[in-house]
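We name chains A, B, ... by the order of the sequence lines, and we start the count at 1 in each one.
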Amino acid sequence: MRWSKALIPTLKETPADAVAPSHKLLLRAGMVRQLGAGAYTYLPIGFRVLSKVVRIIREEMDAAGALELLMPALQPVELWKESGRYETFGDLLMQLKTSSDQHFALGPTHEEVITDLVRDLVRSYKQLPVTLYQIQTKFRDEPRPRFGILRTREFLMKDAYSFDANVEQLNDSYDAMYEAYCRIFDRCGIPYAIVEAESGPIGGDSSHEFMVPSSTGEDTIVQCPACNYAANKERAEIGAPSEAPAIPAATPDAPSPAPVETPNRRTIQEICDFLKITEAETAKLLVFLADGRPVAALVRGDHEANEAKVRRAFGATTLTQADAPTIEKATGAPMGFLGPVEIKIPLAVDRSVAAMPTVVVGGNKLDVHLTGVVPGRDFPLDKVLDLRNAVGGDPCPKCGRLMVENQGIEVGHVFKLGTKYSRAMGAHFLDDKGQEIPVIMGCYGIGVNRIVAAAVEAGHDDNGIVWPLSLAPYHVLIAPLQLNNPAVMEAAEALEKKFEAAGYDVLVDDRDQRPGVKFKDADLIGIPLRIVISERGLKEGTVEVKWRTDASAHNVSAATADEAILAELETTRRGMENVSAERRISRAASRGQ
RNA sequence: CGGGGCGUAGCGCAGUUUGGCUAGCGCGCUAGACUGGGGGUCUAGAGGUCGUGGGUUCAAAUCCCGCCGCCCCGACCA
């Protein structure tokens, strides 16, 4: 391909709207253009990158035995009402009506459509297991699209769904997808961490997210530096504190709780400012409805309650925050002054509160708080659990080392669904005993555009993008410097033909531009290998070779440049493959343990 | 949805406070000349519903009101 024909509108200046590095660079490199909030055009070289990601995904999904199909984005809302997600998805669901007043949704995901399909097509255990996938544009009415192509209203997603006859099959299907995902992200050349994610009522290790570490990531993960424990912040468990006893012995002669007037101070911040104490010396009582029943959770003032942990603490299947009237009715105290002392509803206490010698809490009376409250003496500690979100510095639940907190971009998610949809929508089959039972499902998503964004977030420098070889729009950029010199142009074309014959994508910068312009653009669009052919070089019998990842260039003999450069390309390509292979082997080994 | 900011040429911006002549500058673009290894120089050009609708005024990019769009923080994110 000739640069002059390639439509690569690079920008010298950064568009003012862009903040995230990937957004800035993809715009400047002429890879994407914004149409509106959360809607982007992929220009030719950006589309080439996206297509390469798609190809890798497709190859690995096929290799894992999944079957590709294509479902409509246009879906009758009746299906969504059937599954119950018309309500739970809410405003995120993009909806429209046809001229004949039929009500449709644009698919944000396809559990409903695929379950509808499978309930018709799968009648026997003999048809199971089966995993189906598609690569398709999804729509979500995001309240706030962000960070360029990272969070958009319209995006490309690979979504797969497994259907199994029993839990063993589900586990195998899940493991196959998990392994395929590792291979996909390895081949894409992006760094990633696999973290445990909140998985709903099924529990266990049945949901994992694939996260690319990045400060622009919208997700927070906590990781143990010592063992391999890593989890989404919402999911992470917190190890028991190593030194302090879980429940300190209550000092019998400690002074009784002292009520203090705290007029109009409701928030933890206001209380702390007023009483000149730190948030860590206080505790807040939160009221939830656990399966409709009011319950209370007490966490330290500087901590966040984790709703999933609270839900499990009360053995509930649903948990919602109680609104102000409900709270007042259940506790008799106004919001902002709630406390655990003589509370009338079931109480669970976070471990870190139980470990405090004294604590400042609400007085269950308007404008009153209590200081010097002793856990265990002034309120019961019969339900002490981990109830809060983990933060950096908390002990690892497996080995006790202090965990660290990082931001990440979620590029993939694997999830055991169980029978949620098959029950709701009646997708049953006959097992080998002739019993009709709901099919067991798993779902597996990859954000294709996000891989592109994440690759840029993980691979860039001051000069531009640094693509991994496998995702680069072109593998090689050949830059002849003197367009009017036939020898230079012939050498460039000869190399172009050789590389293309060997299966590499080649871009020839045939623009009549000064070398500086060509070099700057080459760095900006991030082509892994740059070949410079110049009069000067040819006079010396050399062509210049520079890898985007290297600080400086080196020369090879012009006479044997084709072979020498192809050898370098092969080495790099094989290097990436070797990394993938080694990781595959070590994963297999750790599974074997 | 709450808070903040912005909308003037493809991109980056000035001009708006205090209304006033053909609305400017840099980059990019077109033509030409010189130049030729890290975004060159010069000359000559093209390119604008000043987001949009209304109002005030002799006169509106500028003042007033409505609407639309975009960005950031927060809320939200099966």
Side-chain atoms of Leu92(A) come closest, of C73(B), C77(B), G37(B), to C77(B)
With distance as the sole criterion, do the side chain of Arg146(A) and the base of C71(B) form a donor-acceptor contact below 3.5 Å? no
Any carboxylate oxygen within less than 4.0 angstrom of a Lys/Arg side-chain nitrogen, looking at Glu209(A) and Arg235(A)? no
Could you please name the option among A75(B), A78(B), C11(B) that lies closest to any side-chain atom of Pro143(A)? A75(B)
Report yes if a donor N or O on one partner sits less than 3.5 Å from an acceptor N or O on the other, where the partners are the side chain of Arg28(A) and the base of G39(B); otherwise report no. yes
Quick one: which of C71(B), C73(B), G38(B) gets closest to the side chain of Asp17(A)? C71(B)
What distance, rounded to whole Å, do you find between the two P atoms, one in U49(B) and one in G36(B)? 41 Å
Nearest-angstrom distance, P atom, A31(B) to G20(B): 39 Å
Checking base pairs now: Watson-Crick or wobble, both atom distances under 3.5 Å. What partners C70(B)? G5(B)
Would Tyr181(A) and His413(A) count as a close aromatic pair, with their ring centres under 6.0 Å? no
Any donor-acceptor pair under 3.5 Å linking the side-chain atoms of His554(A) with those of Glu568(A)? yes
N-O pairing of Asp159(A) and Lys138(A) below 4.0 Å: yes
Go through the N and O atoms of the side chain of Gln513(A) and the base of G39(B), and report whether any donor-acceptor pair is under 3.5 Å. no
Looking only at side-chain atoms of Lys546(A), point me to the closest of G37(B), G38(B), U35(B). G38(B)
Expressed in whole Å, how much space separates the P atoms belonging to A46(B) and G4(B)? 44 Å
